[in-house]
Amino acid sequence: MSTGPREDGEVRDLLGAYALDAVDDLERRAVERLVARDPEAAAELAALRATAAELGAASASPAPADLRAAVLAAVAVTPQEGPAPVAGTASAADPRGARAGRRPGARWLVAAAAAAVVALAVPSSIAWQQHERAVVAEQQAARLADLLAEPGTQLVRADVEGGGTAVAVLADDAGLLVAEGLPEPGAGRTYQLWAMRDGVPVPAGLFAPTSGAVQVAAEDYEPGDGLAVSVEPAGGSDQPTTTPVVVLIPG
Amino acid sequence: MAAVARGDQQAFAALYDAVSGPVHGVARAVLRDPHHAAEVTQEVMLEVWRTAVRYDRAQGSVRTWVLTLAHRRAVDRVRAVQAQRDRDQRVLDGEHGRPFDVVSEEVEDAMERTRVRGCLGTLTETQRDAVVLAYYGGRTYREVAEELGAALPTVKSRIRDGLLRLRDCLGVAA
């Protein structure tokens, strides 16, 4: 492929249109190649972009007031690209301590009570630092953002027994589990999601985290339900057969 | 911005307060629909959070970076809406088929009392039309050429020369 002076000149003429997003995909790539190898073109593009930004800034108008809270809540559960930040401070409401030493049968209730303590009013700040590099698909982020923007949505956050952090996003029409840092469930075992309806776990689907991370909607969900997760034999169970690793009940 | 890239949510909240108005303004100017504009604003701010490490100081200010993302998203949305409309063969109000002078007037209203407006006035009329249609109208330069009945190379130069003149007038540092 030739990149002679004539072609470069033609591509350079596109810098203005490129800075205004007014080119097609082929032209966009041509400009990006030029800018990558030609510092002068790169400098011109930087100036043109800064100028275009002035056009944008000139039309500033306050964003809708409710958007701020929705965006900040979404940010609290959205992983970033790039180097991992320092791990967040431990949650003061870690339900693990409360569960220790109880009989397995009672743990569901105790865990539910502990989770209720950390239930957060939407959309107050959630201290959920990211522990590892992760990129959530944009669609998932959009889905999450939609749910977070709904007026009645509640967030419940808790650490997961055995490792990781989980947030339940409980809207009127959907319940979403977003978790990170989960260990592998082990050979012949699977994570199972439960909808917690009046204290009773209802099967809500199986899931397998990718690099410890997962975003999954409860297959069975009614408004007011909480969510819980347990590790079950492959194929899942009708009733939990182990102590839940996390229980997230709305406040 | 470095703090945002490290996952500092308070720093992000401060950034949101600083740039959400301009981002929303760009989205509204291009999309002309409050619902789409709010959605695009939300998408852009989440993109800023997720991709904060990609911000490169050498390429310009944070505001320029964020508004570049915002304009691209808004334009993508306009074109998606347009494509949808073409597929559906139904005519939606607003969006694309507005006469040029309407776009122009609305933009002028929004920009009153700003030096940007003054500087747009230093462009030739043909440069100004091309820049305004491309930036605020979300048109490609081909669509601009069609709309203004001008040749493609002419429109390319008008946009570039117009922006360069605007840069000089505004005293924009890259």
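Just so it is clear: chains get the letters A, B, ... in the order the sequence lines come, proteins before strands, and each one is counted from 1. In this text, all values refer to a predicted model and were calculated from it rather than measured experimentally. FYI, side chains are in, hydrogens and waters are out, and symmetry mates aren't considered; it's all heavy atoms of this structure.
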| Between the side chain of B:Gln59 and the main-chain N/O of A:Leu45, is any donor-acceptor distance below 3.5 Å? | no
| remark: When rounded to the nearest 0.5 Å, the distance separating CG of A:Leu15 from CD1 of B:Ile159 is 12.0 Å
| request: Counting only heavy atoms closer than 4.5 Å, note whether B:Arg54 contacts chain A via side chain, backbone, both or neither. | output: side chain
| task | Begin from the C-alpha positions of A:Arg68 and B:Asp17 and carry the test side chain to side chain contact (heavy atoms under 4.5 Å, CB included) through to its verdict. | result | CA-CA 8 Å; A:Arg68 187 179 193 273; B:Asp17 293 338; 2.7 Å; yes
| Contacting moiety of B:Ala52, where chain A heavy atoms sit under 4.5 Å | side chain
| field | Heavy-atom closest pair, residues B:Ala38 and A:Pro64 | value | CB-CG, 4.1 Å
| message | Counting only heavy atoms from other residues, nucleotides and ligands, does the tally under 6.0 Å from CD of B:Glu146 exceed 12? | response | no
| message | Would the distance check show the side chain of B:Tyr135 and the main-chain N or O of A:Asp21 forming a donor-acceptor pair, the cut-off being under 3.5 Å? | response | no
| So how far is it from B:Leu46 CG to A:Leu72 CG, rounded to the nearest 0.5 Å? | 9.5 Å
| task | Check whether B:Leu170 gets within reach of chain A through its side chain, its backbone, both or neither, counting any heavy atom under 4.5 Å. | result | side chain
| query | What pairs meet the ring-ring contact (aromatic ring centres under 6.0 Å, His included) rule with one or both residues in residues 5-30 of chain B, with sequence neighbours excluded? | reply | B:Phe12-B:Trp49
| Minimum heavy-atom distance A:Gly16-B:Leu163, with the two atoms named | O-CD1, 3.7 Å
| said: Run the side chain to side chain contact (heavy atoms under 4.5 Å, CB included) test on A:Val75 and B:Gln9 for me, step by step, so that the C-alpha distance in whole Å, both residues' side-chain angles and the decisive distance to 0.1 Å come before the verdict. | reply: CA-CA 8 Å; A:Val75 153; B:Gln9 290 174 29; 4.1 Å; yes
| query | Can you check whether B:Arg142 reaches A:Asp24 side chain to side chain, under 4.5 Å on heavy atoms? | reply | yes
| query | Which value, rounded to the nearest 0.5 Å, describes the distance between A:Arg49 atom CZ and B:Ser61 atom OG? | reply | 11.5 Å
| field | B:Val131 vs A:Leu55, side chain to side chain contact (heavy atoms under 4.5 Å, CB included): CA-CA, chis, key distance, verdict | value | CA-CA 10 Å; B:Val131 167; A:Leu55 287 174; 3.8 Å; yes
| note | Applying salt bridge (charged side-chain N to carboxylate O under 4.0 Å, His left out) to A:Asp38 and not counting sequence neighbours gives A:Arg12
| said: Taking every non-hydrogen pair under 4.5 Å, which of B:Arg28, B:Arg63, B:Arg158 racks up the most with chain A? | reply: B:Arg63
| note | Taking every heavy atom of B:Ala134 against every heavy atom of A:Ala22, the minimum-distance pair comes out as CB-CB, 4.2 Å
| request: Would you confirm whether A:Glu81, through its side chain, and B:Arg50, through its main-chain N or O, come within 3.5 Å as a donor-acceptor pair? | output: no
| message | Under 4.5 Å from any heavy atom of chain A, what part of B:Asp161 do you find: side chain, backbone, both or neither? | response | neither
| Which value, rounded to the nearest 0.5 Å, describes the distance between A:Leu48 atom CG and B:Leu166 atom CG? | 10.0 Å
| message | Between B:Arg160 and A:Glu44, does any NZ, NE, NH1 or NH2 come within less than 4.0 Å of an OD or OE carboxylate oxygen? | response | yes
| Charged N-O contact under 4.0 Å between A:Glu27 and B:Lys156 | no
| query | Are A:Leu14 and B:Tyr141 close enough, and set up right, to give a side chain to side chain contact (heavy atoms under 4.5 Å, CB included), and what steps lead you there? | reply | CA-CA 9 Å; A:Leu14 281 171; B:Tyr141 77 91; 3.6 Å; yes
| task | Measure across B:Gly7 and A:Gln80 and return the closest heavy-atom pair with its distance rounded to 0.1 Å. | result | CA-OE1, 3.0 Å
| note | Distance col, row B:Met45:CE vs A:Leu67:CG, nearest 0.5 angstrom, shows 9.0 Å
| query | Who wins among B:Leu67, B:Val66, B:Val23 for the most heavy-atom pairs under 4.5 Å with chain A? | reply | B:Leu67
| Is chain A contacted by the side chain of B:Arg72, its backbone, both, or neither, given a heavy-atom distance below 4.5 Å? | both
